Amino acid sequence: MTDRYAYLGPEATFTEAAALRFPALAGATLEPSPTVHAAIAAVRAGDVTGAVVPVENSVEGSVNATLDELIRGEPLAIAAEVLLPVTFTLLARPGTDLADVRRIVTHPVAEAQCRAWVMAKLPDAVIAMGPSTAAAAASVANRTPGSDGTVYDAAIAAPLAGERYGLDALAVDIGDDSDAVTRFVLVLPPGKPSRPTGSDKTTLVAFIRDDHPGALLEILEQFSARGVNLTRIESRPTGNGMGRYCFAIDVEGHVADARVGEAMMGLRRVCANVRFLGSYARADGVRPPVLPGTANGDFADAATWLEQLRG
Ligand SMILES: O=C(O)C(=O)Cc1ccccc1
């Protein structure tokens with residue numbers, strides 16, 4: 001039986017395009033989920049092998065819906081990442097004039113990236129948010145009314161969604177940054193991380209022990225002292241009361257690298273809790289330099305030295 005993977009659907013989302021790029025998913029069955037929550041819940045319930053979800057965008061930053069799913073609930077693991085350049089199109093039912101577009105629907109990540117274009121070309125238009133760009137395109141095609149009962153004139157989605165849902169492109173390449181890329185991850189149940197490649201990333205969530213001056217600095221020190229570079233840090237509410245935050249952190253390197261492992265042990269000492277969300281090959285293939293004194297051999301040498309001193 002072929003493996004089944006959930007993705008943020010319906011058909012023709014950017015996430016589907018990303019899912020097709022994960023080598024691990026070649027030959028697998030892809031199953032659309034209506035939301036990121038549903039895709040991840042299917043992994044937790046064991047209904048699918050894994051899920052592909054958007055996690056970060058070069059313009060808008062983190063996709064909070066995904067981050068919060070990974071931070072809370074039963075532990076999961078990121079097994080791989082893909083970077084996908086994204087191009088946005090304004091899609092409408094055949095016969096619609098650009099000048100008549102008043103109500104637009106799309107996904108929040110797309111809205112954030114097309115804001116300047118919409119303000120310049122359609123200053124009177126109102127943008128509503130849908131669960132995905134493809135769901136937005138489908139709702140325009142099907143004349144599905146929004147929450148206020150009116151039908152949307154146009155959707156911002158991938159060019160492929162126009163073909164899939166029978167819509168015409170009123171404008172193409174409407175993103176404010178033509179170099180925008182989105183990062184998607186493959187989420188699996190927790191398991192053994194894949195082998196280090198020398199070009200790896202590790203994702204962690206650090207929960208501070210108690211609110212005190214320097215709590216974030218203590219976390220950052222663990223990485224800085226071991227020469228571990230951060231590629232992203234995001235504070236997110238833990239969901240356990242006002243002002244209670246945790247830090248979702250991506251670092252360069254693999255849990256098998258001594259410097260990353262030592263930093264994680266440091267975090268474990270200074271934090272209330274540390275959630276390991278996986279070590280995986282980075283999509284950009286970058287092999288960051290290892291700073292002097294932070295290679296595996298340096299840590300091993302230091303440990304041997306200490307053992308000798310202790311007799
Ligand atoms: O809605 C989609 O198509 C998605 O896959 C989420 C998304 C939206 C905009 C940019 C990248 C990903």
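This is a predicted model, so every value here is computed, not measured.
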Quiz prompt | salt bridge (charged side-chain N to carboxylate O under 4.0 Å, His left out) evaluation trace for Arg44 with Glu74 | solution = CA-CA 7 Å; Arg44 288 200 168 111; Glu74 288 298 305; over 6 Å; no
Quiz item: Does the side-chain contact (heavy atoms from CB on, under 4.5 Å) test come out yes or no for Asp3 and Tyr5, once each step is laid out?
Solution: CA-CA 7 Å; Asp3 281 339; Tyr5 290 88; 3.6 Å; yes
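Atom OG of Ser58 sits about 6.0 Å away from atom CD of Gln113, to the nearest 0.5 Å. With rounding to the nearest 0.5 Å, the separation of OG1 in Thr197 from CZ in Arg282 is 9.5 Å.
A salt bridge does not link Arg115 with Asp176: every distance from a Lys NZ or Arg NE/NH1/NH2 to an Asp or Glu carboxylate oxygen is 4.0 Å or more.
Looking at heavy atoms from C-beta onward, Arg268 lies out of side-chain contact with Met264 at the 4.5 angstrom threshold. Contact check for Val181 versus Leu84: no side-chain heavy atoms found under the 4.5 Å cut-off. A 4.5 Å side-chain heavy-atom check between Glu11 and Tyr165 finds at least one atom pair inside the cut-off. The closest side-chain heavy-atom distance from Leu277 to Arg275 is below 4.5 Å.
Ser33 meets the side chain to side chain contact (heavy atoms under 4.5 Å, CB included) test with Ala6, Ala38, Ala39; sequence neighbours excluded.
Residues Phe88 and Phe14 bring their aromatic ring centres within 6.0 Å.
Using modelled atom types and a 3.5 Å distance limit, the side chains of Asp250 and Thr203 yield a donor-acceptor pair.
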